[in-house]
Amino acid sequence: MKVYLDNNATTIVDPQVKEVMDPFFVEKYGNPNSLHAYAGETHLPLKSAMEKIYAGIHAPKEDSVVITSCATESNNWVLKSIYFEYILTGRKNHIIVSEVEHPSIIATAKFIESMGCRVTYLPINSEGLIEAQSVRDNITPKTALVSVMWANNETGAIFPVEEIGEICKEYNVPFHTDAVQAIGKLPVDVERFNVDYLTFSAHKFHGPKGVGALYIKKGRELTPLLHGGAQMGGYRSGTLNVAGIIGMGKAMEQAVDALDYEMSDVREMRDAFEDALLEIEDTFVVTPRAKRTPNTILISFRGIEGESMLWDLNRAGIAASTGSACASEDLEANSVMEAIGADEDLAHTAIRFSLSRYTTQEELDYTLEVVKKAVKRLREISSSYAYAPEGHNTKS
Ligand code: 7TS
C-alpha cells in the first residue's frame with residue numbers, strides 16, 4: 001500500500017486540473033500578448049481562471065493578483081520591495097515577522113537585515129501560537145511591514161490574522177500574510193482580514209507546481225519584480241504561464257468547493273487518527289486541535305529520532321515528514337519545536353502527518369498499525385528510551 005501524508009509539502013494535481021491545462025501545451029500554445037488568433041484563444045480561459053483566483057480569496061476587482069512562480073518568489077518579492085520602497089529610501093527602518101515563518105520569509109528577512117533593516121522576530125508561545133498583542137507591542141512609527149503567516153506549515157497552528165490585520169490597519173502599517181497553508185483549509189478573505197499582501201501557491205491545493213501568486217491591495221504599491229514587457233500590470237514581466245494560471249484557477253475553484261469537506265470530514269479523520277496515535281505512550285502534540293488547520297498533526301514520539309521513524313514509514317510505503325521538506329535534509333531539530341522551547345530530545349522526534357481530501361480511512365488505519373510497530377521497534381533499540389515490553393515504560 002502507498003500512502004501519501006505529506007500534503008503540506010505538496011499535493012497531487014487533481015485530474016480535472018490537469019485536464020483543463022492539457023490543451024494549452026500542444027493545441028493552444030499562443031503567447032497571450034500576440035496579435036493573432038493563437039493569442040486570442042487563451043484570453044477567455046485566462047480571464048476566467050483569474051476570476052476564480054480572485055473569488056477564492058475574496059479580492060475586489062480593483063486590487064491586483066500577480067501570478068509568480070511559487071510562494072517563495074512572492075515572499076521574497078514583498079520583503080525586498082519593502083526594502084526598496086521604505087528602508088533604502090530612509091522612510092522607515094523596521095519590519096516585524098514571526099520567528100516560525102517559512103524559510104522564504106526568514107532568510108529574506110535576514111538578508112534585508114544584513115542591509116540595515118531592523119527586524120523583530122515575534123516569538124511563539126508554548127502552544128506554538130503567536131499572540132496578536134505582540135504585534136501591537138512591537139510596532140513603531142518606523143515599521144514598514146508586518147509579515148505573519150496565516151497558518152504554520154509544521155504544526156498547522158492558525159495565527160490570529162484577523163486581529164493582526166486590525167492592528168496593522170489601526171497603525172497604517174502594511175500587513176503581509178503567507179497563506180500557503182490556509183487556501184483550501186480555512187476561509188480566506190483578504191477584505192475581512194484587512195490583508196494588504198497575501199502569498200499562495202497552487203501546488204499546495206491540488207494545482208500544478210511552478211505557479212504561485214501575490215495579492216496586492218490597491219494603494220499598497222510594490223516595486224516591480226521583473227522589469228520588461230509589462231505583463232501582469234507591469235509588476236512581473238515575462239510571457240504568462242498560461243497552462244499554469246488556468247490550472248491554478250481550476251484548483252482554486254475546487255479548493256473553495258471542497259472547503260466544507262476539508263473542515264468537517266478531513267478534520268474528523270485527522271482527529272480520530274490523532275486520538276489513536278496519542279494512545280501510544282509518551283507521545284505529544286503541542287498545538288490544540290481547535291487552533292490548527294484541519295489536516296495537520298505534528299507529533300513527537302519520545303525516544304525516537306524523527307528520521308528513523310520516517311525510514312520505517314517509507315519502507316512501508318508511507319510518506320510523512322519531520323517538518324518542512326525545504327529544511328529537513330539536514331538532521332536539524334524541528335524549528336517550531338525548538339522555538340516552543342521543547343527539550344533537545346523531543347525537538348528531534350517530531351513527525352508531521354498532513355492529510356488532504358484524497359486521504360482515506362483505510363490509509364490512516366494502515367498507517368496507525370505501521371506507526372505502532374515502528375514505535376515498538378525503535379524504542380527497543382533506542383539509547384535514550386528505556387523500554388519495558390509490559391508497559392512499564394520509564395522516561396529517559
Ligand atoms: N510558505 C509556506 C507556509 C510553506 O509551507 C511553503 C512550502 C512555502 C511558503 C514555499 O512554497 P513554494 O511554492 O515556494 O514551494 N512548505 C513546505 C513544507 O512545509 N514542506 O515542504 C515545503
Side-chain angles (χ1 to χ4, degrees), residues 4-13 53 57 65-80 97-109 122 124 128-130 147-159 161 164 176-186 188 195 197-215 225 236 241 244-245 247-248 251-252 255 287 292-299 306-307 310 319-330 332 334-337 339 350-356:
Y4 187 77
L5 293 174
D6 198 15
N7 288 282
N8 285 10
T10 198
T11 56
I12 183 173
V13 174
I53 294 169
I57 59 168
V65 174
V66 177
I67 304 299
T68 60
S69 70
C70 59
T72 298
E73 180 181 321
S74 306
N75 285 343
N76 267 261
W77 181 19
V78 175
L79 265 60
K80 288 174 184 168
V97 302
S98 88
E99 65 173 341
V100 291
E101 294 297 309
H102 184 266
S104 52
I105 290 287
I106 296 290
T108 312
L122 298 177
I124 51 173
L129 296 163
I130 289 282
S147 177
V148 174
M149 67 207 315
W150 201 299
N152 182 264
N153 47 313
E154 313 274 357
T155 54
I158 302 167
F159 291 159
V161 276
I164 296 175
H176 168 248
T177 182
D178 174 347
V180 162
Q181 299 292 342
I183 304 281
K185 297 170 192 156
L186 302 168
V188 172
V195 171
Y197 307 107
L198 179 124
T199 290
F200 51 105
S201 190
H203 74 99
K204 307 281 184 177
F205 54 96
H206 305 289
K209 292 173 185 55
V211 198
L214 183 69
Y215 157 82
L225 177 66
R236 186 184 185 274
N241 176 359
I245 296 169
M248 186 191 243
M252 182 63 97
T287 306
R292 258 189 278 148
T293 44
N295 77 319
T296 306
I297 305 173
L298 183 72
I299 186 162
E307 283 75 15
L310 277 194
S321 156
T322 51
S324 167
C326 330
S328 60
E329 269 172 27
D330 33 14
E332 282 177 7
N334 181 284
S335 57
V336 176
M337 295 294 286
I351 294 281
R352 182 181 72 185
F353 295 103
S354 46
L355 287 60
S356 81

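Every number for a ligand or one of its atoms is a count from 1 in the order of the listing. Along the sequence shown, residues are numbered consecutively beginning with 1.
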With heavy atoms of [X] as the reference, note each atom of ligand 1 found under 4.0 Å away.
| X | answer |
| --- | --- |
| A9 | 18 (C), 20 (N), 21 (O), 22 (C) |
| A71 | 9 (C), 10 (C), 11 (O), 12 (P), 13 (O), 14 (O) |
| C70 | 12 (P), 13 (O), 14 (O) |

Legend entry - Partner set under side-chain hydrogen bond (donor to acceptor under 3.5 Å, both in side chains) for S354, not counting sequence neighbours: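 Testing S354 for side-chain hydrogen bond (donor to acceptor under 3.5 Å, both in side chains), a comparison that skips the adjacent residues, returns none.
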Legend entry - Those residues that, when tested against N76, pass side-chain hydrogen bond (donor to acceptor under 3.5 Å, both in side chains) (two or more places apart):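 Checked N76 against side-chain hydrogen bond (donor to acceptor under 3.5 Å, both in side chains); matches are K80, T108.
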Inset, instruction - Spell out, as yes or no, whether a donor-acceptor pair under 3.5 Å connects the side chain of S104 to the backbone of T72. - result: no
Inset, instruction - Please determine if T72 has a nitrogen or oxygen closer than 3.5 Å to a nitrogen or oxygen of ligand 1. - result: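 Right, the criterion is met.
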Legend entry - The one among K209, R352, Q181, H102 that brings a heavy atom closest to atom 5 (O) of ligand 1: Q181
Inset, instruction - Give the single entry among E73, M149, E154, H203 that approaches atom 15 (O) of ligand 1 most closely by any heavy atom. - result: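 Checking each option, the heavy atom nearest atom 15 (O) of ligand 1 is found in H203.
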Inset, instruction - Using the side chain to side chain donor-acceptor pair (under 3.5 Å) rule, take N8 and N295 through it: C-alpha gap first, then chi angles, then the decisive distance, then the call. - result: CA-CA 9 Å; N8 285 10; N295 77 319; 3.0 Å; yes
Inset, instruction - Answer yes if the side chains of T10 and K209 hold a donor-acceptor pair under 3.5 Å, and no otherwise. - result: yes
